[in-house]
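Accompanying notes for the structure given below.
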Amino acid sequence: MTNLLPRIEIESAPEPTAAVIWLHGLGADGNDFAALVPELDLQACPPIRFVFPHAPSIPVTLNGGYVMPAWYDIRGTDLVSRQDTAGIQKSALAIAALIEHEAARGISHQRIVLAGFSQGSAMALHTGLRFKQRLAGIMALSGYLPLADAFPAERSAANACTPIFMAHGSQDPVVAPARGEASRDLLLSMGYPLQWHSYPMQHSVHPREVADISLFLADVLK
């Protein structure tokens, strides 16, 4: 495929048979979570190719129009008013292309985990749960499900039973815990197999969360 998002790739061992595509947050880039790979306990996992794409740089309304890496525009502090539908859909296509690129390299869709932090978490949920092929799992860290009103009509039956790992800081000032909890409750009400983790932190990653991520990956990629 042409025009794939630029990205960093790290293989946990030669000849990977699984992939984790990890989406960064607003204003960051693929380097943000690449450093986390050595901290994960992957002994119970097959060889994994970690893919950390860089979002394009766009003007972000909430930050005064400042141009920065972003998966979509943020127009309101509550994250749900005046959502950037076109931007979200455009990024979803670019992320789906990365999934298909891994499939073309020989990794089954069912061996691919889609993960993200903050705005990347929103894109992981949006893209993964609408994707037409079954994925191994979805990890949503400190984020929420965008365009929730349209979700029931747009979700994919292929990923109705895909395991979801959601985590949130109890003192998060960026994505309010209530926003993540509302997404959790919606997905649980629709029957998704979702595990929820809350940690005593703000908008970051907790050491216990790293251990829980390791367990999740070992479970869905066993």
Side-chain angles (χ1 to χ4, degrees), residues 1 4-25 29-55 71 91-118 120-143 155-167 187 192-197 205 207-222:
M1 294 181 183
L4 288 171
L5 290 168
R7 59 208 174 277
I8 297 166
E9 295 184 358
I10 300 173
E11 295 184 357
S12 66
E15 300 181 8
T17 58
V20 177
I21 299 173
W22 206 313
L23 312 172
H24 62 76
D29 64 18
N31 292 287
D32 205 31
F33 278 85
L36 188 68
V37 174
E39 299 182 33
L40 296 171
D41 180 359
L42 303 174
Q43 295 183 68
C45 296
I48 300 171
R49 179 184 296 120
F50 287 87
V51 180
F52 300 96
H54 307 303
W71 298 107
S91 283
L93 290 174
I95 294 162
L98 285 178
I99 298 173
E100 295 295 6
H101 180 63
E102 290 308 305
R105 296 166 88 178
I107 295 178
S108 164
H109 292 102
Q110 296 187 32
R111 307 286 292 163
I112 298 174
V113 173
L114 191 56
F117 174 80
S118 192
S121 166
M123 287 308 311
L125 287 169
H126 175 88
T127 308
L129 295 176
R130 287 168 170 78
F131 197 70
K132 301 304 182 185
Q133 302 289 331
R134 169 70 187 265
L135 301 175
I138 297 170
M139 294 196 306
L141 315 179
S142 302
R155 64 183 183 139
S156 168
N159 284 293
C161 296
T162 298
I164 301 171
F165 178 102
M166 289 191 74
L187 294 172
Y192 286 94
L194 183 151
Q195 51 177 274
W196 173 264
H197 301 263
V205 177
R208 193 166 74 243
E209 185 177 6
V210 176
D212 290 337
I213 288 169
S214 301
L215 291 173
F216 179 78
L217 291 176
D219 184 48
V220 300
L221 295 175
K222 60 187 176 185

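When a residue number appears, it is its place in the shown sequence, counting from 1.
In terms of the side chain to side chain donor-acceptor pair (under 3.5 Å) criterion, Asp32 has no residue partners (sequence neighbours excluded). A search for side chain to side chain donor-acceptor pair (under 3.5 Å) contacts involving Gln110 returns nothing, not counting sequence neighbours. Take Arg208 and apply the side-chain contact (heavy atoms from CB on, under 4.5 Å) test, not counting sequence neighbours, and it matches Tyr199, Pro200, His206, Asp212. Under the salt bridge (charged side-chain N to carboxylate O under 4.0 Å, His left out) criterion, Glu11 pairs with Arg49, not counting sequence neighbours. The side-chain contact (heavy atoms from CB on, under 4.5 Å) test applied to Gln133 returns His109, Phe131, not counting sequence neighbours. Listed by chain and residue number, nothing satisfies the side-chain contact (heavy atoms from CB on, under 4.5 Å) test with Ala211 (two or more places apart in sequence, or in another chain). Partners of Glu209 according to the salt bridge (charged side-chain N to carboxylate O under 4.0 Å, His left out) rule, which considers only residues two or more places apart in sequence or in another chain, do not exist here. By the salt bridge (charged side-chain N to carboxylate O under 4.0 Å, His left out) test, Lys222 pairs with Asp219, sequence neighbours left out. Every residue was checked against the side chain to side chain donor-acceptor pair (under 3.5 Å) condition with Ser12, not counting sequence neighbours, and none meets it. Listed by chain and number, the residues in a side-chain contact (heavy atoms from CB on, under 4.5 Å) with Thr127 are Ala92, Ile95, Leu114, Met123 (sequence neighbours excluded). Shown here are the side chain to side chain donor-acceptor pair (under 3.5 Å) partners of Arg111, two or more places apart in sequence or in another chain: there are none.
The aromatic ring centroids of Phe33 and His24 lie 6.0 Å or more from each other.
For residues 13-22, there are no side chain to side chain donor-acceptor pair (under 3.5 Å) pairs, not counting sequence neighbours.
The distance from the CD1 atom of Ile99 to the CD atom of Glu102 is 9.5 Å, given to the nearest 0.5 Å. Here the CE atom belonging to Met139 is positioned 12.5 Å from the CD1 atom belonging to Ile164, to the nearest 0.5 angstrom. Separating the NE2 atom in His101 from the CD1 atom in Ile107 is a distance of 9.5 Å, to the nearest 0.5 Å.
Among all heavy-atom pairs drawn from Trp71 and His54, the shortest one is CH2-C, 4.2 Å. Across all non-hydrogen atoms, the minimal contact from Ile8 to Gly30 is CD1-C, 3.7 Å.
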